[in-house]
2 protein chains.
Amino acid sequence: MVTFSEENYLKAIYHLSKHGSVSVSTNAIAQRMDTKASSVTDMIKKLSEKDLVDYKKYQGVSLTESGRLTATTVIRKHRLWEVFLVDKLNFSWDEVHEVAEQLEHIKSEKLIDQLDAFLEFPTHDPHGDPIPDKQGNFKKTEKMLLSQLAEGETCICIGVKDSSSEFLQYLDKHQIALGTIIKVVSKETFDESMTLQINAEVLAISKEVSNNLFVKAN
Amino acid sequence: MVTFSEENYLKAIYHLSKHGSVSVSTNAIAQRMDTKASSVTDMIKKLSEKDLVDYKKYQGVSLTESGRLTATTVIRKHRLWEVFLVDKLNFSWDEVHEVAEQLEHIKSEKLIDQLDAFLEFPTHDPHGDPIPDKQGNFKKTEKMLLSQLAEGETCICIGVKDSSSEFLQYLDKHQIALGTIIKVVSKETFDESMTLQINAEVLAISKEVSNNLFVKAN
DNA sequence: ATAATTTTTTAGACAAGTCTAAATTTTAAT
DNA sequence: ATTAAAATTTAGACTTGTCTAAAAAATTAT
């Protein structure tokens, strides 16, 4: 039995860890969940006890396979309910979040399976975020160059085409690493330059950069 | 802010007190909620503090107007969700309760208003129980048992008294569902059996069946 | 490399909701 | 009207999830 609170922590860890890959700091979780670091430590211990996260003191946490599945199931439920609220109950896209935060914790596999069918197996929620399947898989998004993205799209850095040390140093300097989430804020047509948002920072890049960075669309 | 637990207590008190009129004993609540009398006393104090019940030590509790409205709102939500589960998500009558017990606590006035409209303002849940309006008023129901009808009368199936899965499966097998129109073709006095017309079919039933099917005379 | 700062954890506390066991009040029985 | 039985409440404890304040570890800066 996973409690509401535990589900919320797992969801937060999932989001902070870019789909459960990297490990997440106590403070990051506390900030995201608007709670205290000490509360996070307490909860992490419980999650660890239940084998939902891997945890070593002072080393941050990461989701176990079981924790990841729990998190994606909650996200799946949240997004399916959002579709329901918008498509069937005439909610506007900005009203759904609060209610979906409650509905996502309802426990019934049949409920969510039937809801999925009733909504005709939607692939994205009203905010455009993808809805994972029952196994927690998001539809395969393939490797592409950053330059291929359109304005507003978000992606994850998964590699470089040019692996010269100059380029790598450039990336390092601008805090772009493997797993970094990059959002394309704007894109100029005439020189193919872009403005990116990386964490809280804004960065302008040339086409030489965007043509040499492999990303995975979100 | 009323908690899930408080809502469950108010609902129990409402049901035990026949629509909030008479006062209810601690033990009766404990028995219905499958909890201990001491826990009930503790909770009653909290509810009394919040002016949801009137309470004098050793004298039992009764709902205040505010408590009654909270209780009927929960019952309204429960029953609307049951209709949703059966009508839209293909749940059978006997599967809905557990899930509705969770859904009834979701807090959103808009959600329940829109759900009501989406379901086209149902007056009864799948068990034939009436759905109160927003003010907590139940529509005067002419609900009766099929066995009370005379030969030649027609009615609409609105619910079951016996909700065992055996009975529900029997009904299912013979194409009797919510909203099914039933005509009493003949009625035997000696064993109270009946012959019904359902759609184009004719069906003979025993008094065990007619005594457990709620209908609304047409 | 040591000191200063930040992050994380621990210790101890609190509210909600529950429990057991004991005390108190009410009700029923003689 | 007393006594026995039943119902109810109190007292003290436990769990979950949170907090503050202090201690410990890790990181950063000098």
Side-chain angles (χ1 to χ4, degrees), chain A residues 1-13 16-17 22-63 67 70-71 74 101-102 104-107 172-173 175 177 199-201, chain B residues 1-13 16-17 22-63 67 70-71 74 101-102 104-105 107:
Chain A
M1 233 301 112
V2 183
T3 67
F4 283 23
S5 195
E6 288 169 346
E7 286 188 342
N8 285 333
Y9 274 93
L10 291 171
K11 196 171 51 139
I13 295 168
L16 289 166
S17 70
V22 293
S23 119
V24 177
S25 76
T26 301
N27 259 8
I29 298 169
Q31 192 175 342
R32 185 178 173 106
M33 300 200 61
D34 198 28
T35 187
K36 300 292 162 177
S38 56
S39 306
V40 174
T41 303
D42 289 344
M43 179 56 87
I44 284 172
K45 286 184 194 160
K46 286 169 200 158
L47 295 173
S48 180
E49 202 64 39
K50 292 187 176 187
D51 272 315
L52 294 163
V53 299
D54 288 317
Y55 171 58
K56 274 192 228 93
K57 274 191 199 176
Y58 297 101
Q59 304 301 130
V61 276
S62 56
L63 297 173
T70 305
V74 174
E101 285 287 304
Q102 299 179 60
E104 71 187 6
H105 300 296
I106 303 290
K107 266 118 190 136
D172 202 56
K173 180 162 147 199
Q175 324 242 334
N199 302 321
E201 306 292 306
Chain B
M1 236 298 113
V2 183
T3 68
F4 282 24
S5 195
E6 288 168 345
E7 287 188 342
N8 285 333
Y9 275 92
L10 291 171
K11 196 169 51 135
I13 295 168
L16 289 167
S17 70
V22 294
S23 123
V24 176
S25 77
T26 302
N27 259 9
I29 298 169
Q31 192 175 341
R32 184 179 176 106
M33 299 200 62
D34 198 28
T35 186
K36 299 293 163 180
S38 56
S39 307
V40 174
T41 303
D42 289 345
M43 179 54 88
I44 284 172
K45 285 184 194 161
K46 284 169 200 158
L47 295 173
S48 180
E49 201 64 40
K50 291 186 175 185
D51 271 316
L52 293 162
V53 298
D54 288 318
Y55 171 57
K56 273 191 228 96
K57 271 191 199 174
Y58 298 100
Q59 305 301 131
V61 275
S62 57
L63 297 172
T70 306
V74 174
E101 285 287 304
Q102 298 178 60
E104 71 186 7
H105 300 295
K107 268 118 188 136

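Numbered from 1 within each chain, the chains take letters A, B, ... in sequence-line order.
The OH-P distance, from Tyr58(B) to dA28(C), rounds to 16 Å in whole Å. The distance between atom CD1 of Ile44(B) and atom P of dT18(C), rounded to the nearest whole Å, is 12 Å. Spacing between atom NZ of Lys57(A) and atom C1' of dT27(D) amounts to 19 Å, rounded to whole angstrom units. Straight-line distance from the CD atom of Gln59(B) to the C1' atom of dT9(D): 13 Å, rounded to whole Å. Rounded to whole Å, atom P of dT15(D) lies 14 Å from atom NZ of Lys50(A).
Counting any heavy atom pair closer than 4.0 Å across all strands shown, Ser39(B) reaches a base atom. Using a 4.0 Å heavy-atom distance criterion, Tyr55(B) is classed as a sugar-phosphate-only contact. Using a 4.0 Å heavy-atom distance criterion, Tyr9(A) is classed as a sugar-phosphate-only contact.
Distances shorter than 4.0 Å separate none of the side-chain N or O atoms of Thr41(B) from OP1 or OP2 on dT8(D). Within the 4.0 Å cut-off from OP1 or OP2 of dA6(D), not a single side-chain nitrogen or oxygen of Asn27(B) is found.
For Thr35(B), the side-chain atoms get nearest to dC19(C) when compared with the rest of dT8(C), dC19(C), dC19(D). Of the candidates dG17(C), dA25(D), dC19(C), the closest approach to any side-chain atom of Asp42(B) belongs to dC19(C).
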Taking only distance into account, with no hydrogens and no angle test, what donor-acceptor pairs under 3.5 Å do side-chain atoms of residues 38-46 of chain A form with protein atoms, sequence neighbours excluded?
unit_1   : atom_1 : unit_2   : atom_2 : d
Thr41(A) : OG1    : Ala37(A) : O      : 3.2

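In terms of polar N and O atoms assigned as donor or acceptor, the side chain of Ser38(A) comes within less than 3.5 Å of the base of dT20(D) in a complementary pairing.
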